[in-house]
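Notes follow the structure.
Numbers restart at 1 for each chain; the letters A, B, ... are given by sequence-line order, proteins then strands.
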There are 2 protein chains.
Amino acid sequence: MLSKRVKYAIKTLLFLYENGDEKPISAKIISENEKIPYKFLENILRELRQNKILKSVRGAEGGYKFLKDPNEITVAEIIRIVDGPIALIPCVSFYFYEKCEDCTDEVSCKIRKLFVQLRNEMLPILNKSITDLEKL
Amino acid sequence: MLSKRVKYAIKTLLFLYENGDEKPISAKIISENEKIPYKFLENILRELRQNKILKSVRGAEGGYKFLKDPNEITVAEIIRIVDGPIALIPCVSFYFYEKCEDCTDEVSCKIRKLFVQLRNEMLPILNKSITDLEKL
DNA sequence: TACTATTCCTACCAAATTAATATGATATAA
DNA sequence: TTATATCATATTAATTTGGTAGGAATAGTA
């Protein structure tokens with residue numbers, strides 16, 4: 001299952017997209033509209049900024065806007081930043097690969113084969129962008 | 001990500017399938033062959049028995065064999081028994097549905113739509129049986 | 001009968017993760 | 001100078017995960 005962080009992150013990005021980004025939108029506004037605990041949201045926003053998804057404007061009238069083009073921000077990318085791997089087992093992950101301790105032959109592993117297939121089916125769906133989401 | 005429990009459970013079922021089921025196979029044998037901590041495996045085996053996947057034979061020479069036909073045991077089913085929902089968010093789960101607390105309109109929710117699609121892509125893969133796995 | 005190999009059951013425990021909160025420093029528009 | 005923000009680090013509480021402990025019950029075999 002996805003963490004609440006990821007869900008909050010996606011909701012935040014959709015909110016920013018829907019509410020234009022001429023002027024930055026503050027964490028307070030996002031928190032109130034999307035019912036995300038304020039301080040928790042701050043952490044998520046920081047993570048998104050550090051990963052160059054958003055940029056921030058400090059001080060009064062400050063807030064957040066897109067740094068990266070929302071057409072280019074995919075759900076998969078957000079999940080990877082906030083939660084980690086998309087794949088259901090580490091030995092089939094591209095970005096977070098880990099060998100199974102007990103595994104003797106990765107190539108012949110039946111379980112692995114299944115989860116490679118699964119990941120390959122999942123990725124095209126999750127590679128949709130924030131703007132694609134809006135059109136669903 | 002999947003828990004170790006699920007991975008152990010699938011490995012256990014594959015092991016039982018590969019090693020015939022004329023005579024029951026003990027937890028000890030499975031534990032040693034598949035490198036699963038013995039006591040932890042006992043818990044998993046109990047869960048599989050209680051869910052009518054396996055049956056057990058008590059006493060000396062006892063062990064476990066299939067109750068359900070391995071052709072009919074799907075990976076999805078095992079995940080549901082051991083870990084819970086397949087879907088990545090509860091509001092799109094068939095077997096473990098939960099409403100999002102904050103959600104005002106489930107039908108129009110963009111995030112939900114994406115994860116419905118995702119679940120629909122995942123299910124056919126995970127509905128493969130233990131015997132299908134063997135053929136991969 | 002006694003012995004041994006096994007399942008079965010309840011409870012417990014430790015580490016990790018998740019979801020959040022607390023506190024306060026820093027920046028900036030008005 | 002004040003109000004409104006972000007920024008940063010640390011702390012906490014709840015839940016989940018992965019595993020262990022101890023022993024009761026069952027059944028085959030000598």
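With C:dT7, C:dA20, D:dA27 as the choices, the nucleotide that has an atom nearest any side-chain atom of B:Glu42 turns out to be C:dT7. The side chain of B:Lys39 approaches C:dC9 more closely than any other nucleotide in the set D:dA8, D:dG18, C:dC9. In this structure, the nucleotide among D:dT6, C:dT21, C:dC9 sitting nearest to the side chain of B:Gln50 is C:dC9. Candidate nucleotides C:dC8, C:dA20, D:dT6 were compared by shortest atom distance to the side chain of A:Tyr64, and D:dT6 ranks first. Comparing atom distances between the A:Ala27 side chain and each of D:dT6, C:dA19, D:dC7 picks out D:dT6 as nearest.
Of the residues in residues 79-94 of chain B, none lies under 4.0 Å from DNA chain C by heavy-atom distance.
A close approach under 4.0 Å does not occur between any side-chain nitrogen or oxygen of B:Arg58 and OP1 or OP2 of C:dC9. Phosphate contact (OP1/OP2 of D:dA21, side-chain N/O of B:Tyr38, threshold under 4.0 Å): absent. Contact between the side-chain N/O atoms of A:Arg46 and the OP1/OP2 oxygens of D:dA8 is not found at any separation under 4.0 Å.
A:Lys23 and A:Glu61 are not joined by a salt bridge, as no carboxylate oxygen comes within less than 4.0 angstrom of a charged side-chain nitrogen.
Counting atom types as modelled, A:Asn43 pairs a side-chain N or O with a base atom of C:dT21 as donor and acceptor under 3.5 Å.
Position along DNA chain C of the nearest nucleotide to A:Arg5 versus B:Ser56 favours B:Ser56 as the more 5'-ward residue. Nucleotides of DNA chain C nearest to A:Glu61 and A:Tyr8 differ in position, and the one nearer the 5' end is that of A:Tyr8.
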